[in-house]
Amino acid sequence: MHLRLVAKPRWQALCPIRFAYEWALTEAFSALPEIDERAAIARFMELDPTDRVYAGLFGDPIARRIVLFTFGTRHTSPTHYATLRAYVDLLRDARYLIGMGHALDTEGVPLRWTRALLRKFQAAWFAQDASLRGDSRDFDVIAHEIEHDEVPSTKTTPQGEETTQRVRTPFGGVFTCVALDRLDGTKHEDYLWDFPDDVDPTEWRVVVEQATVRHMQLWSRYRRVNDAYFNGRGSITRAMAIRRGDTIVERRPLHAMPNYEPLVVDGASAAGS
């Protein structure tokens with residue numbers, strides 16, 4: 001039997017001065033012609049939130065801004081995305097929402113609500129990235145595909161429990177992470193980078209290294225990207241591969257330093273060498 005601990009991010013409620021500042025920022029954001037506040041609220045209400053959920057999210061200026069960005073920008077032209085992102089930041093606001101979610105959970109707002117909003121927020125952000133790259137499909141179609149594609153999925157195999165997550169990248173590639181918890185208690189994680197034929201992986205080497213390190217951190221700290229850490233037994237191995245089109249251009253084992261950076265490589269080699 002494994003010990004399961006829930007890691008709660010540090011979070012503090014906004015002080016009065018910061019609260020007033022963030023509200024002023026949110027009011028300016030909602031007044032932008034690129035924001036359809038009425039449509040955003042209507043689309044959020046389609047999720048059927050309780051009064052407590054609505055009050056918890058719309059009563060916070062940063063969370064309200066996230067809702068407006070997520071649900072009220074579907075018809076905004078890509079030429080205006082930079083204006084929207086001057087008010088909203090993916091990493092900063094996602095961290096805030098995660099911490100706020102744990103605080104609201106103690107006040108009767110289930111954690112699943114803030115997690116669902118976070119997924120939709122990320123999907124809207126990456127759908128904008130896709131539109132900027134020239135994806136001409138309907139915005140909602142892109143966002144829906146991204147939202148459901150990037151949610152980790154787990155299945156039971158003869159070898160053990162396997163968790164998979166696919167993450168779309170700004171340069172058009174796909175980052176696939178597969179974690180296997182074997183029956184004997186050992187673990188293995190594979191990190192596969194898929195690059196389109198017209199993108200040179202060497203130009204994105206720094207991004208690949210940093211993103212791989214970050215995902216190693218997440219899966220080690222939160223165990224399968226669900227904020228849970230298992231005090232497991234046995235060893236863990238990791239490997240990374242880079243594929244361009246149908247060709248594996250690099251495959252190597254990974255070993256992390258205590259602070260996870262930089263990666264220490266053993267026997268790195270190009271495919272077929």
Any Lys/Arg nitrogen of Arg182 or Asp184 sitting under 4.0 Å from an Asp/Glu carboxylate oxygen of the other? no
With Phe58 as partner, the option from Trp113, Trp23, Phe44 fulfilling ring pair (Phe, Tyr, Trp, His ring centres under 6.0 Å) is Phe44
Is a donor on one side and an acceptor on the other found under 3.5 Å between the side chain of Asp93 and the backbone of Asp89? yes
Are the charged groups of Glu209 and Arg252 less than 4.0 angstrom apart, N to O? yes
Basic-acidic side-chain contact under 4.0 Å: Asp129, Arg85: yes
Hey, what do you get for OG1 (Thr154) to CD (Glu161), rounding to the nearest 0.5 Å? 5.5 Å
Residue pair Thr164 / Ser153, side-chain donor-acceptor N/O under 3.5 Å: no
In this structure, are over 12 heavy atoms from other groups packed under 6.0 Å from Arg92 atom CZ? yes
For the residue pair Leu68 and Phe29, what are the closest heavy atoms and their distance? CB-CE2, 3.9 Å
If you count every heavy atom of other residues, nucleotides or ligands that lies below 6.0 Å from Phe19 atom CZ, does the total exceed 12? yes
Presence of salt bridge, Lys187 and Glu189, under 4.0 angstrom: no
Residues Arg244, Glu250: salt bridge by 4.0 Å N-O rule: no
Linking I/L/V/M/F/W/Y whenever any side-chain heavy atoms sit under 4.5 Å apart, do Val249 and Met240 land together? yes
Check whether any side-chain heavy atom of Ile66 sits under 4.5 Å from a side-chain heavy atom of Met100, and report yes or no. no
Taking Glu22 first and then Arg65, would you say they form a salt bridge - that is, a charged N and a carboxylate O separated by under 4.0 Å? yes
Just by distance, do the side chain of Ser77 and the backbone of His80 share a donor-acceptor pair under 3.5 Å? no
Counting distance only, does the side-chain N/O of Thr76 pair as donor-acceptor with the main-chain N or O of Glu34 below 3.5 Å? yes
